[in-house]
**Q** 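Before I ask anything, here is the structure I am working with.
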2 protein chains.
Amino acid sequence: MKIPIQVSVDRAEPIYHQIEVQLRALILSGQLAEGTQLPSIREFASDLSCSVITIRRVYQDLENEGILRTRQGTGSFVAQVGETVREQYRKEAVIEAMRGAVRTGFGVNCTVEELHILFEKAIEQVSMEKKE
Amino acid sequence: MKIPIQVSVDRAEPIYHQIEVQLRALILSGQLAEGTQLPSIREFASDLSCSVITIRRVYQDLENEGILRTRQGTGSFVAQVGETVREQYRKEAVIEAMRGAVRTGFGVNCTVEELHILFEKAIEQVSMEKKE
DNA sequence: TATACTGTGTATATCAATATATACAGTATA
DNA sequence: TATACTGTATATATTGATATACACAGTATA
């Protein structure tokens with residue numbers, strides 16, 4: 001099973017964190033349904049060109065959050081996630097990212113009008129990415 | 001001189017990187033005018049509760065980019081920055097952050113309409129921060 | 001000149017992130 | 001049962017980030 005996750009070593013953010021963030025999003029948004037089996041840590045590490053230890057770290061962290069369940073010999077599965085948790089996360093993660101972007105904009109003295117223009121451009125650009 | 005920069009050890013992003021990003025923004029947006037003297041590395045490290053080495057790292061990196069000039073015994077100063085470089089940076093940094101936020105939104109299946117709503121909310125919230 | 005500051009160089013140490021490797025225990029399948 | 005897979009544990013190693021400390025060289029000021 002191919003998980004739509006990408007990591008970049010060029011960013012200051014550690015790899016394990018990049019994976020956690022994206023995997024958490026896939027789970028909490030429902031794109032990975034409850035009960036779905038995730039790739040083995042060896043397979044996933046190979047897919048993302050990182051070490052098994054890194055993936056295990058991710059799986060363990062998410063298991064500690066209760067959104068993954070792992071069984072030795074069998075694999076890791078998406079756990080049951082409450083609808084409240086989902087909706088909360090869904091909104092919070094996005095608005096947090098938005099706040100960061102707005103702070104960046106204000107940090108370089110953008111006006112609100114400029115922010116809107118750049119936001120539309122960003123949507124356009126990311127929408128085109130999705131088509132690939 | 002008090003530099004409006006904040007760092008958080010809770011984020012996955014390394015401290016030196018957080019400082020670089022914010023200091024670069026202040027310089028390239030013109031908020032720190034050419035010729036402005038920055039705090040000494042000892043003073044700045046104390047302000048931000050980190051080590052001198054970390055600040056030194058930041059100053060050296062930005063000097064390598066040509067936006068700072070440093071003189072032993074005297075201090076570090078904002079260098080002359082071409083208007084083209086400023087404008088380019090200004091737009092690029094913001095739209096990059098926007099793209100990240102939009103990806104996060106799409107990552108949890110937000111519609112474009114939802115993105116707009118959350119964006120307005122983010123602007124509102126960050127604007128209130130600025131008043132403090 | 002002495003003192004207080006500035007950045008630079010160097011050393012040592014710790015922790016986090018990450019890699020590779022091996023072995024073990026558990027599960028699934030032929 | 002044997003094999004191939006699964007996660008777990010452990011070891012070793014490297015690199016990056018960060019801290020503290022000390023000493024040196026250069027600048028600024030009284």
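To find a chain, count down the sequence lines: A is the first, B the second, and so on, and within it residues start at 1.
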**Q** Can you give me the dot-bracket string for DNA chain C, 5' to 3', counting Watson-Crick and G-U wobble pairs with both distances under 3.5 Å, using [ ] for crossing pairs and | for partners on another strand?
**A** ||||||||||||||||||||||||||||||

**Q** The criterion is side chain to side chain donor-acceptor pair (under 3.5 Å); which residues satisfy it with R56(A), sequence neighbours excluded?
**A** none

**Q** CD of Q18(B) versus P of dA17(D): gap in Å, rounded?
**A** 13 Å

**Q** Sequence neighbours left out, what pairs pass side-chain hydrogen bond (donor to acceptor under 3.5 Å, both in side chains) with at least one residue falling in residues 24-33 of chain B?
**A** E20(B)-R24(B), R24(B)-E65(B), S29(B)-Q31(B)

**Q** Going by the rule side chain to side chain contact (heavy atoms under 4.5 Å, CB included), which residues pair with Q80(A) if we only count those two or more places apart in sequence or in a different chain?
**A**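 Per chain and number, Q80(A) pairs via side chain to side chain contact (heavy atoms under 4.5 Å, CB included) with E34(A).
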
**Q** Under a 4.0 Å heavy-atom cut-off, which of residues 7-16 of chain A touch DNA chain D?
**A**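 Nucleic-acid contacts, sorted: none.
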
**Q** Sort and list the pairs that fulfil side-chain hydrogen bond (donor to acceptor under 3.5 Å, both in side chains) and have at least one residue in residues 37-53 of chain A, not counting sequence neighbours.
**A**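 side-chain hydrogen bond (donor to acceptor under 3.5 Å, both in side chains) check on residues 37-53 of chain A returns S51(A)-T54(A).
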
**Q** Can you list the residues that meet the salt bridge (charged side-chain N to carboxylate O under 4.0 Å, His left out) rule with R57(B), with sequence neighbours excluded?
**A**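 Salt bridge (charged side-chain N to carboxylate O under 4.0 Å, His left out) check on R57(B) returns D61(B).
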
**Q** Which ring pair (Phe, Tyr, Trp, His ring centres under 6.0 Å) pairs, counting each pair once, include a residue from residues 70-120 of chain A, with sequence neighbours left out?
**A**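 Those involving residues 70-120 of chain A are H116(A)-F119(B), F119(A)-H116(B), F119(A)-F119(B).
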
**Q** If a protein heavy atom is under 4.0 Å from the base, mark B; if only from the sugar-phosphate, S; if neither, -; do that for nucleotides 1-11 of chain C going 5' to 3'.
**A** -----BBBBB-

**Q** Run the side chain to side chain contact (heavy atoms under 4.5 Å, CB included) test against R69(A) and tell me which residues pass, sequence neighbours left out.
**A** A79(A)

**Q** Please report the distance, rounded to the nearest Å, between CZ in R69(A) and P in dT8(D).
**A** 14 Å

**Q** Calculate the interatomic distance between I55(A) atom CD1 and dA17(C) atom P; express it in whole Å.
**A**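 Spelled out: CD1 on I55(A) to P on dA17(C) is 15 Å.
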
**Q** Applying side chain to side chain donor-acceptor pair (under 3.5 Å), name anything that partners R86(B), two or more places apart in sequence or on another chain.
**A** none

**Q** Is any side-chain N or O of R57(B) closer than 4.0 Å to OP1 or OP2 of dT18(D)?
**A**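 Looking at the OP1 and OP2 atoms of dT18(D), neither is under 4.0 Å from any side-chain N or O of R57(B).
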
**Q** Can you sort out the partners of Q125(A) under side chain to side chain donor-acceptor pair (under 3.5 Å), two or more places apart, ordered by chain and number?
**A**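 Per chain and number, Q125(A) pairs via side chain to side chain donor-acceptor pair (under 3.5 Å) with R99(B).
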
**Q** Under 6.0 Å from the CD atom of Q88(A), do we count more than 12 heavy atoms belonging to anything else shown?
**A** no

